[in-house]
2 protein chains.
Amino acid sequence: MMPSPTRNPVTASEPDPSRRNNLALLTSLVHHNGVLSRAQLTKRTGLNRSTVGALIGQLVNLEVVYETAPSGEAQVGRPSPIVHPRPSIAALAVNPEIDAVTIGLVGLGGKVQKKIRFDTERIPTAKEAVNIAAAVIAGMRSELDASYRVMGVGIAVPGLVNRDDGVVRHAPHLGWRDEPVARMLGEATGYPCHAANDASLGAEGELLFGAGAGQKNLIFLNGGASGIGGGIIADGELLRGTSGYAGELGHTFVRSSGKPCHCGATGCLETEVSQSPLFELAGIGGGDAGQLEQALRANSSEAVAAEVARQLEYLGIALRNAVNTFNPEAIVLDGFLGVLHALSPGTLDNSLRSQALDGPAGQVKIYRAALGSDLMMIGAAELAFAQFLADPAGAFPSPTS
Amino acid sequence: MMPSPTRNPVTASEPDPSRRNNLALLTSLVHHNGVLSRAQLTKRTGLNRSTVGALIGQLVNLEVVYETAPSGEAQVGRPSPIVHPRPSIAALAVNPEIDAVTIGLVGLGGKVQKKIRFDTERIPTAKEAVNIAAAVIAGMRSELDASYRVMGVGIAVPGLVNRDDGVVRHAPHLGWRDEPVARMLGEATGYPCHAANDASLGAEGELLFGAGAGQKNLIFLNGGASGIGGGIIADGELLRGTSGYAGELGHTFVRSSGKPCHCGATGCLETEVSQSPLFELAGIGGGDAGQLEQALRANSSEAVAAEVARQLEYLGIALRNAVNTFNPEAIVLDGFLGVLHALSPGTLDNSLRSQALDGPAGQVKIYRAALGSDLMMIGAAELAFAQFLADPAGAFPSPTS
DNA sequence: GTAATATGTTGGATAGCAAAACAAACTCCA
DNA sequence: TGGAGTTTGTTTTGCTATCCAACATATTAC
């Protein structure tokens, strides 16, 4: 019986370790939950009514949030005003892929205000990707300066990224090695820039705004053209490891004498489970997960069914390992992994029930990702918001007071 | 660049989330590091001299710590008094195994004051184990009441244990299922009791007092008669998962068409890597890890070398997965896994270098566990200390003030 | 319309900490 | 041997975030 997070602190001291500054706590709540009444905030934080009132007043002054008249919900007692995040507090998101660089603008509250996909002829180098992003941002600059307060830029990269210094250690599908993309884009734009692994950011995005909302332990797996990426949320926090490389579930061992993987090992999940044979069997050259699903559903051949079953078997092995290791409440699948699961619902659940340990397997649920193509924008923006959310008052010179 | 833990807090509020109550922080530091000067505590906590002084005074009053004259170390400046944990603040530890129940008494500071191994004729049932522990504790009772303040009992069980309610969900080697051991022992002894997985507690023990001291991310693997257990420390905290089942690395998939495991799956690490064939090849019937190592070193047969190599290969696959997933700084091996590693040093390192991803693999070091047979006592005691360490002042009626 | 209920608002009290000034105890060096 | 320099303990003072209690306000229930 571990001491559970105190909902109603009795002692005067700080009983909840995960609580940063309370101003930051309120900002995060409003950002991640969108719309909350003051009364709800009081309950959620465990703080006193008067304290919440004072803090909200401060956030209103800082122009981080604004209040509106109580909603018409019929309830006994004095109605509580609604607190909204100001979307003019924003972050930029950049996501380089093998065939495009996407740049987005995300407001506080997690809504994508703008998204520009820049298709590239060939796989972009780090320098090219930075140049594209910088140019697009430069184009938006006057609008940004006029209508937004931009807290920074987050870059979601498919590869190993050292989160502390923003250096891409190795992005195999992009062919990048030891590229200091955060510094490069920082110098090009003047904004504070941070970089991280795309799937890790996806995990955070789905945790905060998508299918994993409210969960404390979840595993996120994304399947795309750049292989399989993973992100792990443990006890409400993204697992980062020593350098931020944690979560590479795409290289889980799933098959003896499997094919060699670019990582140097054999039998990795990523080599056994990939989207290209699915696209081939579906008879389409390429496209997104939605198009793949449609094409596969239209095709009732034996070959498709066999390939789907084969891939699900290996995916099941990887998930079994993950479940035994993490004991999560939820697994969230994105990209073609979400398609595989949707095509044969119940298959993965069954293999977990039969193969994973009783305790952990009995609690886990498998979901499909909810945020679709906005996910990377939201996740990357979260990276840029992080510093602001940790200290909303210190991030910029107070405008009014 | 994530905001790193502030060493020198500027704002008046609580900037470091991992800092519980500062009184608790000091108590933990003294408990885990044994002997620290007041000046060192000031540096470690980032608190003001005056604050540390006041807090230590309170802890002295509470009889949690005591101070002694400064050590004779030649240093410029006024010498700083040494702060010691009082070993009379203690916790009981219980560790049921297939052939014995071990009961221990551990003082604040982590020293095992007493250890009693009660050998059993056959595998104990939960009720028998509780009865044995309760009887041994009853025998110690008068001494405990006279000379110690016992904060509770921690039970380390080889199996899936729900840490929240202290119920053993399934301990396959003991044959226990859904046994509320914490409640049972609590009723039998009157002490607050908690239970958890043995390897998880081992991980915490090695983290705090052993080979992993000072690390933030480590993987602990213990090999014993009851198979392979694992515990994972991520960002300084034990990974628990939804119900505390996390860390079951013994059931990592390492071989296609491997033997069936009692867990329902096939190809688990635990079925491919086990100590019984090693004992057979070594020509001894049983014993502890030290005896096994001695016997294996004395035997230079091909068969031994082959079996060691085979087991290390599978262990390497499991570690490769774990390294890719967690990006730890350290792997700590205990029991016969430690022996395997010691017999063929470098083998595991090599397989990680070649098979795991460049980034994570470059940083990890493999150690052998340092605490030996005291580990389970220390780990289980930590479980009992947890509540006290979280609130040293609230745990008992203040004796003096 | 009155009672009950929930919430915002205000003023005072408190706890925990930092900062500053001072005192103490040591090393270093002439 | 004694003063200079350095580090740390101690005391006092003040600040800040919070809680608490009392009161004000806005709604539903009857």
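Treat the numbers as computed from the prediction; the structure is a model and nothing was measured. Order of the sequence lines fixes the chain letters, A, B, ..., with proteins taken first and strands second; residue numbering starts at 1 for each chain.
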Enquirer: Which residues satisfy the salt bridge (Lys or Arg N to Asp or Glu O under 4.0 Å) test with B:Arg38, sequence neighbours excluded?
Expert: B:Glu67

Enquirer: Distance check needed: D:dT16 P versus A:Asn22 CG, whole Å only.
Expert: 17 Å

Enquirer: Using 0.5 Å steps for rounding, measure from the CG atom of A:Leu26 to the CD atom of A:Gln58.
Expert: 10.0 Å

Enquirer: Side chain of A:Leu47, heavy atoms from C-beta onward: which of D:dC19, D:dT6, D:dT8 has the nearest atom to it?
Expert: D:dC19

Enquirer: Looking at D:dG5, C:dC17, D:dG9, which one has an atom nearest to any side-chain atom of B:Pro81?
Expert: D:dG9

Enquirer: To the nearest Å, how far apart are B:Gln58 CD and C:dG16 C1'?
Expert: 10 Å

Enquirer: Among residues two or more places apart or on two chains, list those pairs meeting salt bridge (Lys or Arg N to Asp or Glu O under 4.0 Å) that have a residue in residues 76-86 of chain A.
Expert: none

Enquirer: Verify, without hydrogens or angle tests, whether A:Glu329 (side chain) and A:Asn217 (backbone) share a donor-acceptor contact under 3.5 angstrom.
Expert: yes

Enquirer: May I have the distance from A:Leu55 (atom CG) to C:dT9 (atom P), rounded to whole angstrom?
Expert: 13 Å

Enquirer: Under a 4.5 Å cut-off applied to non-hydrogen side-chain atoms, are A:Arg44 and A:Val52 in contact?
Expert: no

Enquirer: When the distance from CG of A:Asn21 to C1' of D:dT16 is rounded to whole Å, what number comes out?
Expert: 11 Å

Enquirer: To the nearest Å, give me how far apart CG (A:Leu41) and P (C:dT7) are.
Expert: 12 Å

Enquirer: Taking 4.0 Å as the cut-off, does a side-chain nitrogen or oxygen of B:Thr51 come that near to OP1 or OP2 on C:dG16?
Expert: no

Enquirer: Starting at the 5' end of DNA chain D, which residue's closest nucleotide do you reach first, A:Gln75 or B:Arg38?
Expert: B:Arg38

Enquirer: To the nearest Å, give me how far apart CD1 (B:Ile56) and C1' (D:dT11) are.
Expert: 18 Å

Enquirer: Is the centre of the B:His31 ring less than 6.0 Å from the centre of the B:Phe209 ring?
Expert: yes

Enquirer: Just how far is it from atom CG of B:Leu208 to atom NE2 of B:His32, taken to the nearest 0.5 Å?
Expert: 4.0 Å

Enquirer: 5'-most contact on DNA chain D: A:Asn48 or A:Gly77, nearest heavy atom basis?
Expert: A:Asn48

Enquirer: Give a yes or no on whether a donor-acceptor pair under 3.5 Å exists between the nucleobase atoms of C:dA19, that is its base, and the side chain of B:Ser50.
Expert: yes

Enquirer: What nitrogen or oxygen pairs link the protein and nucleotides 23-25 of chain D at under 3.5 Å?
Expert:
residue, atom, partner, partner atom, Å
D:dT25, O4', A:Arg78, NH1, 3.4

Enquirer: May I ask you to evaluate whether B:Ser37 reaches the phosphate of D:dT8, defined as a side-chain N or O under 4.0 Å from OP1 or OP2?
Expert: no

